[in-house]
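See structure below.
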4 protein chains.
Amino acid sequence: MAFTHRIRVRFGDCDPAGIVFYPRYFEMLNGTVEAFFAEALDYSFARIHVEEGCGVPTAHLDVDFHAPSRLGEVLRFALRVTRIGGSSAGFETRVTCGEEARLTVRQVIVWTGPGLKPARWPKSLAEGLAAHLEEEAVS
Amino acid sequence: MAFTHRIRVRFGDCDPAGIVFYPRYFEMLNGTVEAFFAEALDYSFARIHVEEGCGVPTAHLDVDFHAPSRLGEVLRFALRVTRIGGSSAGFETRVTCGEEARLTVRQVIVWTGPGLKPARWPKSLAEGLAAHLEEEAVS
Amino acid sequence: MAFTHRIRVRFGDCDPAGIVFYPRYFEMLNGTVEAFFAEALDYSFARIHVEEGCGVPTAHLDVDFHAPSRLGEVLRFALRVTRIGGSSAGFETRVTCGEEARLTVRQVIVWTGPGLKPARWPKSLAEGLAAHLEEEAVS
Amino acid sequence: MAFTHRIRVRFGDCDPAGIVFYPRYFEMLNGTVEAFFAEALDYSFARIHVEEGCGVPTAHLDVDFHAPSRLGEVLRFALRVTRIGGSSAGFETRVTCGEEARLTVRQVIVWTGPGLKPARWPKSLAEGLAAHLEEEAVS
């Protein structure tokens, strides 16, 4: 039921130890959240940021790194909606390679209107997020 | 006849002007060269760098930026082999979005062995590059 | 008593909303940890990674983002050692701009030997970390 | 007479070969150009992009990579103004480490007004650039 996104580990993601430099995981994670909004919620980041002058900044991150990832591997990012508030939402993303867990991220994002101030979710986004939350609750 | 690779412009690629921050194009370009080696030449960067301790550093770049790229666009990177030397090769990559040219990169890469010293192309790579060069010459 | 490191927010750190793209904070944080090892512990990352084939990967991150940072601002990263284990350590880094809190990071790092396996801290590092921990306990 | 800017090579700048991943040089170069505008021309990127809605995109790059750079090294970026046009300018930046040349970049930047359209340099910038060009011509 989770939204899944696959990303190959590129040369430029890796550090002198030959493994993913951890800040790159957050670029991948942001790309996953971006793909989730565009593909699962039909609300692209271009619409949010450019057309509407809004945003979805991250307010909190809690991350466990289980094992390193290496050049050429394909990582699977599986994102679930764990909580919906009036102007925020909780996501959990599990990153795996084959059967092996690589990292788990618990994240709180906030919907912001003009001036980067928290604002209530637009109706279509609240509904889309709820649909994903309910799916999870049922599963 | 060119090797083509498509990349979507992500939020993290864009600057406060809302367009691609140009150093990100080189990450995309390196990902294209990496995909070309893996998919067209059957010689992955993991094999080159991790297994063999070799490399393909860039020795020269000549870049024309024609027009900016924006959040959410899908860019097409089309790479052609323009020259093959004993331990180097010339690539030209044209980046477009739909019909519009965005940038053109002429690049010289070098094959390096242990200690980052230039070395002769391995036979299979020399042949693979030549096949791509010849295809172009015929087209 | 904390180790402090100042970093100016550059154009390339900022996103289309004009604020720091959060993965860049982790590059800055890693630069701060790197400076702490080199300057406060006299043990450079070049020594750790290149000369000794060891590493200090991050095992856990807990991050609160308090307020956004903007182009041109100078951020102060203040790192304290909060815990020392046999092969791990806890750091807390508070990032501020003037009087304003921007983010707080609680981080667990691990000392790894060859093969990225956790190993006991080298004696000089254990002592250096302890000195910083003790300073904090006294303050 | 050149504007000089020093940057330490950080862990996150380096690739699995242990040397600077070349796209990172362009982040460093952009930071150098940004520092040149702020410090030598007294015209910050925040003023250009945020206050005035203008820009200084790069239109052309010609780069020679002479030798690789390694973790922990301090690189010296020395930028000279080589040409001034109505809405563009030519810069040459030589990057060295001690006596050794690492890369040389010839770059054309363009002043853009609203809508990213090329526009005439503001008077104070034209004068500032000219002062740097003249100094060079005399030297």
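A note on names: the letters A, B, ... follow the listed sequences, proteins ahead of strands, and every chain is numbered from 1.
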For Ala38(D), is it the side chain, the backbone, both or neither that has a heavy atom under 4.5 Å from a heavy atom of chain C?
->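 Neither part, no heavy atoms under 4.5 Å.
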Is Glu34(C) close to Leu71(D) at the side-chain level, that is, under 4.5 Å between some pair of heavy atoms?
->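 Result yes, sub-4.5 Å side-chain heavy-atom pair found.
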Name all residues meeting the salt bridge (charged side-chain N to carboxylate O under 4.0 Å, His left out) criterion together with Arg10(D); count only those two or more places apart in sequence or in a different chain, and write none if there are none.
-> none
Evaluate the ring planes of His49(C) and Phe11(D), with Trp represented by its six-membered ring, and classify them as parallel (under 30°), tilted (30 to 60°) or perpendicular (over 60°).
-> tilted
Contact winner vs chain C - Gly72(D), Gly31(D), Gly18(D), Gly12(D), heavy-atom pairs under 4.5 Å |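 Most pairs with chain C among the choices: Gly31(D).
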Does CZ belonging to Arg83(C) count more than 12 external heavy atoms closer than 6.0 Å?
-> yes
